[in-house]
Amino acid sequence: MAEVPEVETLVRDLRAAVVGRRIDGAQVLRPEAVRFPAPDEFERLIAGRIVENATRRAKHMLMPLSGGLMLAVHCMLWGTLRLIERGAARPAATLIVWMLDRGEELWLLDTLGYARAALAPPEELARRLDLDSLGPEALDADFGPAVLMSRLARRRAPIKTVLLNQKVLAGLGNRDADESLWLAGIDPRRAAGGLAPAEIEELTQAIKAVLDEGIRLRGTQRDLFGVQGKARHRRNIFERAGRPCPRCGTRIQHTRIGTRNTYWCPRCQR
DNA sequence: CGCTACCTGGGT
DNA sequence: ACCCAGGTAGCG
């Protein structure tokens, strides 16, 4: 559920509603949801700090706090954040609660329980989360065909697999990789290093278009305030096996590439 | 690089 | 009563 459009939507909402606010305290309801430091340290260190900004790097949400600490949150598969008034009933899926000023709480929710938070000075956080190893951001203005070409060069793994590797390119999840390859007309099983320059050009445009559209529609899940995003029914092929390709009418195929479910049109993706 | 574990709710 | 899930770390 949480690919870049969903994460970016949450980050924009955090900038609108949480940046500038004070965190009065935190309650770690599920200790495994904090990667570091220990949960009691996490609660103690965060109290009284102001949220100075909210940014995204790949699918990490990053919040610099006053006093030289950075909070990182990763939604993994199903995690999300919710901002709500204090006293609202916390669902069983609540992993962490941050108590904010003005009587509000920020919840980290995840029924699957994989979502994680971490807290440290920015340099230590970047080192321990290996943020400097991430590839270029797909939505950066300076990400273009030349960059993608160099990142894909000589890689023999399927293009689908390589696009999901955040160290190659930061920004695609399983759904958006499939949708991008469909838009670009590229068979997901092809070797990444074997794409022609014209195909890489198409793919670059497709990736940006898919992510831009997802963000414009505010993702497929509920936002920070609980409002449902509108991208849910805007899929061309993902999870649509057996139905007609919107471009040519051919039945959409489903297979596994690596361990990941993959959907593609055998006629328009070559 | 490719595989597995992580965990719970919903789909088949 | 089984699967299986849009992500990642960690292993060999």
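A note on names: the letters A, B, ... follow the listed sequences, proteins ahead of strands, and every chain is numbered from 1.
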Taking atom [atom1] in both [N] and [M], compute the distance separating them and give it to the nearest angstrom.
N: B:dC6; M: C:dA1; atom1: C1'; result: 22 Å
N: C:dT8; M: B:dG9; atom1: P; result: 23 Å
N: C:dG6; M: B:dG11; atom1: C1'; result: 16 Å

query = What is the minimum heavy-atom distance between A:T250 and A:C265, and which atoms define it?
reply =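 Heavy atoms only, the tightest pair is CB-SG, 4.0 Å.
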
query = Can you give one letter per nucleotide of nucleotides 7-12 of chain B, going 5' to 3': B for a protein heavy atom under 4.0 Å from the base, S for sugar-phosphate only, - for none?
reply = BB----

Side chain [X], main chain [Y], donor-acceptor under 3.5 Å:
X: A:Q205; Y: A:E202; result: no
X: A:D110; Y: A:A115; result: yes
X: A:D24; Y: A:M99; result: no
X: A:R175; Y: A:L172; result: no

Would you please name every residue forming a side chain to side chain contact (heavy atoms under 4.5 Å, CB included) with [X], sequence neighbours left out?
X: A:R128; value: A:F36, A:E124
X: A:E52; value: A:S66
X: A:M61; value: A:V7, A:L10, A:V11, A:L14, A:V73, A:C75, A:L81

ask   = Got a sec, which residues hit ring pair (Phe, Tyr, Trp, His ring centres under 6.0 Å) with A:F238, two or more places apart in sequence or on another chain?
value =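 With sequence neighbours excluded, A:F238 shows a ring pair (Phe, Tyr, Trp, His ring centres under 6.0 Å) to A:Y263, given in chain and number order.
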
Could you tell me the separation between the [atom1] atom of [X] and the [atom2] atom of [N], rounded to a whole number of Å?
X: A:L164; N: C:dG7; atom1: CG; atom2: C1'; result: 9 Å
X: A:R256; N: B:dG2; atom1: CZ; atom2: P; result: 16 Å
X: A:L10; N: C:dG7; atom1: CG; atom2: P; result: 15 Å
X: A:D110; N: C:dG7; atom1: CG; atom2: P; result: 13 Å
X: A:N165; N: C:dT8; atom1: CG; atom2: P; result: 10 Å
X: A:L77; N: C:dT8; atom1: CG; atom2: P; result: 9 Å
X: A:I257; N: B:dC3; atom1: CD1; atom2: P; result: 13 Å
X: A:M76; N: C:dG10; atom1: CE; atom2: P; result: 11 Å

inquiry  = Taking side-chain hydrogen bond (donor to acceptor under 3.5 Å, both in side chains) as the definition, give me every residue that meets it alongside A:R90, ordered by chain and number, with sequence neighbours left out.
reply    =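 Partners of A:R90 under the side-chain hydrogen bond (donor to acceptor under 3.5 Å, both in side chains) test: A:Q27, A:E105.
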
query = Taking only residues two or more places apart in sequence or in another chain, which ones pass side-chain hydrogen bond (donor to acceptor under 3.5 Å, both in side chains) with A:T80?
reply = A:Q221

query = Nearest to the side chain of A:K59, which nucleotide is it out of B:dC1, C:dG6, C:dG7?
reply = C:dG7

message = If you only use heavy atoms from C-beta on, which nucleotide in C:dG6, C:dT8, B:dG2 is closest to the side chain of A:N174?
response =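 Out of C:dG6, C:dT8, B:dG2, the nucleotide with an atom closest to A:N174's side chain is C:dG6.
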
inquiry  = Is any side-chain heavy atom of A:C245 closer than 4.5 Å to one of A:R267?
reply    = no

ask   = Just to confirm, is there a sub-4.0 Å distance from OP1 or OP2 of C:dT8 to any side-chain nitrogen or oxygen of A:R35?
value = no

ask   = Is any side-chain N or O of A:H74 closer than 4.0 Å to OP1 or OP2 of C:dT8?
value = yes

inquiry  = Please give me every residue in residues 123-133 of chain A whose heavy atoms get under 4.0 Å of an atom in DNA chain C, ordered by residue number.
reply    = none

query = Looking at DNA chain B, which of residues 211-234 of chain A put a heavy atom within less than 4.0 Å of it?
reply = none

message = By the salt bridge (charged side-chain N to carboxylate O under 4.0 Å, His left out) test, which pairs, at least two apart or in different chains, include something from residues 130-148 of chain A?
response =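 Qualifying pairs, neighbours excluded: A:R56-A:E137, A:R57-A:E137, A:D130-A:K167.
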
query = According to the salt bridge (charged side-chain N to carboxylate O under 4.0 Å, His left out) rule, which pairs have a member within residues 178-197 of chain A, sequence neighbours left out?
reply = A:K160-A:D178, A:D187-A:R189, A:R190-A:E199

query = If you look at every strand shown and take non-hydrogen atoms under 4.0 Å, does A:G173 touch a base, only sugar-phosphate, or nothing?
reply =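 It contacts sugar-phosphate atoms only.
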
note = So the stems of DNA chain B, runs of at least three Watson-Crick or G-U pairs (under 3.5 Å), are B:1-6 with C:7-12, B:8-12 with C:1-5

inquiry  = Distance to the ring centre below 6.0 angstrom and angle to the axis at most 45 degrees; does that hold for A:R247 and A:W182?
reply    =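 Geometry flag: set, cation within 6.0 Å and 45°.
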
